[in-house]
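Note that ligands are numbered from 1 as they come in the structure, with each ligand's atoms numbered from 1 the same way.
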Amino acid sequence: MDRVRPHASERDDILSMMLSARYEDGSKMTDRDIRDELRTLLIAGHETTATTFACALEELHRPENAHVRARLQDELAAAPAAPEELAKLPFLGAVIDETLRLHPVVEMVLRRLRRPWRLGDYELPAGTSIGVALPLVHQRADLYPDPRRFDPQRMLDRKPNASEFVPFGGGIRRCLGAALSLYELRIALAVLLREATLALREPRPVPIVRRRITLGPQTGVRMQRIA
Ligand code: HEM
């Protein structure tokens, strides 16, 4: 921060914008607040998207999903190379959505009740903390038949509503970066698959474990370029 501060007004990166920002009363953000905001962006913004990207690559390269990869590659081959055009491809979007359904990186979205609330047979008093387990919502066979199967087509056949598909949480605190990360993921996946032919280095799926606050592949997803 000390290094950037003298040049902040000439730069347009996030750190410089925060250093230059002023509250209504003219005061600056404290260094501590800036540090916290940057840490949120790094953890909320980077790790989540990178983990989803790794899971998408793993699903697409499993032998049982070869037909999904072939269909995606056909769609990519027929598309214009401009990133903003790639981001609109329907099957590519469905592949990302289906990855987020099967591998939500955030396990639980938490809320504290401001008023008493009835949930099924439970009378919950104000102040109770409740959590919505995102993987359980996404594994409901009544919403997603054969729920463990990676099947992007299902996301095109029936668009799930905002309480059925919740990788970004929901309501007023829904993820601020949802649109950005979907855009990034589509473009990054499209460009990588158009440029390189990859293969998984381990034949078996990598176990998904909790890594601090996110869920993700225990050892990362190791791949090699074969063409
Ligand atoms: C695949 C990528 C991502 C996933 C799965 C994800 C998931 C989530 C989830 C589940 C929440 C909690 C929402 C709730 O309580 O209802 C959240 C909150 C948040 N996310 Fe993301 N996120 C992703 C990418 C990003 C990116 C790229 C950014 C920023 C550049 C970001 C910034 C935030 C912030 C600031 C919050 C807190 C919002 C609030 O409390 O008002 N996220 N995210």
Query raised in the report: What is the minimum heavy-atom distance between Gln218 and Val206, and which atoms define it?
Result: N-CG1, 3.6 Å
Query raised in the report: Is the shortest side-chain N to carboxylate O distance from Arg5 to Asp31 below 4.0 Å?
Result: yes
Query raised in the report: Tell me, which protein residue and heavy-atom name are nearest atom 1 (C) of ligand 1, and how many Å apart are they?
Result: Thr52 OG1, 3.4 Å
**Report entry** Per-atom contacts of ligand 1 with Val109, taking only distances under 4.0 Å to non-hydrogen atoms
**Finding:** 10 (C), 14 (C), 15 (O), 16 (O)
Report summary line: Among non-hydrogen protein atoms, atom 41 (O) of ligand 1 lies closest to Arg173 NE, 2.7 Å
Report summary line: Rounded to the nearest 0.5 angstrom, the CZ-CZ distance for Phe165 and Arg101 is 9.0 Å
Query raised in the report: Would Glu59 and His103 count as having a side-chain donor-acceptor pair, cut-off 3.5 Å?
Result: yes
**Report entry** Arg71 NZ/CZ over Phe91 ring centroid, <6.0 Å and within 45° of normal
**Finding:** yes
Report task. Give the minimum heavy-atom separation between Thr214 and Glu47, together with the two atoms involved. Result -> OG1-OE2, 2.8 Å
Requested in this report: Examine ligand 1 and decide if any of its atoms is less than 4.0 Å from a heavy atom belonging to Arg111.
Outcome: yes
Report task. Classify the angle between the aromatic ring planes of His138 and Tyr144 as parallel (below 30°), tilted (30 to 60°) or perpendicular (above 60°). Result -> perpendicular
Query raised in the report: Which of the atoms of ligand 1 are close to Gly170, meaning less than 4.0 Å from one of its heavy atoms?
Result: 16 (O)
Query raised in the report: If you measure from OG1 on Thr49 to CG on Leu180, what distance do you get to the nearest 0.5 Å?
Result: 7.0 Å
**Report entry** Atom indices of ligand 1 within 4.0 angstrom of Pro167 heavy atoms, with elements
**Finding:** 5 (C), 7 (C), 10 (C)
Query raised in the report: Around atom 21 (Fe) of ligand 1, what protein N, O or S atoms are found below 2.8 Å?
Result: Cys175 SG
Query raised in the report: Nearest protein heavy atom to atom 37 (C) of ligand 1: under 4.0 Å?
Result: no
Requested in this report: Could you tell me whether Lys88 and Glu84 have a side-chain N and a carboxylate O separated by less than 4.0 Å?
Outcome: no
Query raised in the report: Which atoms of ligand 1 sit under 4.0 Å from any heavy atom of Val105?
Result: 5 (C)
Requested in this report: May I ask you to say whether Asp36 pairs ionically with Arg39, meaning some side-chain N is under 4.0 Å from a carboxylate O?
Outcome: yes
